[in-house]
Amino acid sequence: MATAAQWIEGARPRTLPNAIAPVLAGTGAAASVDGAVWWKAILALLVSLALIIGVNYANDYSDGIRGTDDVRVGPLRLVGQKLASPAAVKSAAIVSLAIGAVFGLILVVTSAWWLLLVGVACLAGAWYYTGGSKPYGYSGFGEVAVFVFFGLVGVLGTQFVQAKSIDWVGGLLAVSVGAFSSAVLVANNLRDIPTDTESGKVTLAVKLGDPRTRTLHLALLAVPFLATVILVARTPWALVGLVAVPLAVRANTPVRHGKGGLELIPALRDSGLALLVWSAVTALAVGLG
């Protein structure tokens, strides 16, 4: 029986910046057009947090029953390390996703009916990333899904439910957050190339190979800072986003220096931290500017 601490670790708290950042960015974009609504921002945050925790438990369950996690160099896995039964982890995933769906329905009722379709797509994307007979995460589409759901959908959805519209600022923030979030997954999958190859999990990193995956990580981290320069057209305060540059450089350092295995875990942590800091300060800048 897993302990409470192990269940918390199994929820992969290091990934939570991927859930918080889109809401910060989307709220900043809404505020930039005088459309921020605090209670809807809180609901959007609850939806995002519930979904990412549900995704993480669902991945733990699906990878565990497939044997993908039998040999790992990364953080704890509940099913793969036999700390919790597959049924218990599956239930945790379903409960988390259901909580996200309930909060999401409130946003649908108070915003626009067609957001229900977006919510259904998010739930399907969460489950079939590693679940089902043909998980798309095993076919190299994980980074694309992260870019779409935690970037485009997360940011623009948050802006829309508050401001009832989206604009180019929201779009640029969405692309940036999506790039950052994808960089986190790229670092994770770079670390797992040897074990994923052995288990038959064909991630984008497995397809690209080690050298090109390292180049992709750097390119993704550069995108938000290019966006920072463009956002000056809305407000010169957007340049405050450059404070996250040292964090991005630190995140890419082990990747750039050819590190592997456990030595790449700081790249995941620092990519997520750079994402969170950049999103927070940029959201504040465009929201107040």
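Bear in mind the structure is a predicted one, so any value in this text is a computation, not a measurement.
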I'd like to check the side chain to side chain donor-acceptor pair (under 3.5 Å) partners of [X]; sequence neighbours left out, ordered by chain and number.
{"X": "Arg212", "answer": "none"}
{"X": "Thr15", "answer": "Asn56"}
{"X": "Ser32", "answer": "Arg234"}
{"X": "Ser48", "answer": "none"}

Transitive ILVMFWY side-chain link Leu51 to Phe103, under 4.5 Å: yes
Leu105 reachable from Val161 in the ILVMFWY side-chain graph, under 4.5 Å edges: yes
From Ile65, Leu83, Val79, residue fulfilling side-chain contact (heavy atoms from CB on, under 4.5 Å) relative to Val89: Val79
List the atom pairs, donor and acceptor, that lie under 3.5 Å between side-chain atoms in residues 111-134 and the rest of the protein, sequence neighbours left out.
residue, atom, partner, partner atom, Å
Ser111, OG, Leu107, O, 2.8
Thr130, OG1, Asn59, OD1, 2.9

All pairs passing side-chain hydrogen bond (donor to acceptor under 3.5 Å, both in side chains) where residues 264-273 contributes a residue, at least two apart: His217-Ser271, Arg250-Asp270
Sequence neighbours excluded - side-chain hydrogen bond (donor to acceptor under 3.5 Å, both in side chains) pairs with any residue from residues 152-161: Gln159-Asp167
In the hydrophobic clustering (ILVMFWY, side-chain contacts below 4.5 Å, transitive), which residues join [X], or is it alone?
{"X": "Ile94", "value": "none"}
{"X": "Trp278", "value": "Val155, Trp168, Val169, Leu172, Leu173, Val177, Phe180, Leu221, Phe225, Leu226, Ile230, Leu231, Val232, Leu239, Leu242, Val245, Val249, Leu275, Val286"}
{"X": "Leu284", "value": "Leu288"}
{"X": "Leu204", "value": "Val186, Leu208, Leu216, Leu220"}

Atom pair CG (Leu247) and CG (Leu273), whose distance is rounded to the nearest 0.5 Å: 4.5 Å
Kindly say whether [Y] contributes a backbone atom to a donor-acceptor pair with the side chain of [X] at under 3.5 angstrom?
{"X": "Thr235", "Y": "Trp237", "value": "yes"}
{"X": "Lys207", "Y": "Gly140", "value": "no"}
{"X": "Gln162", "Y": "Val37", "value": "yes"}
{"X": "Gln81", "Y": "Arg77", "value": "yes"}

Only distances under 3.5 Å count here; give the side-chain donor-acceptor pairs of residues 256-267 to other protein atoms, sequence neighbours excluded, each with its distance to 0.1 Å.
residue, atom, partner, partner atom, Å
Arg256, NH1, Asn252, OD1, 3.0
Arg256, NH2, Thr253, OG1, 3.4

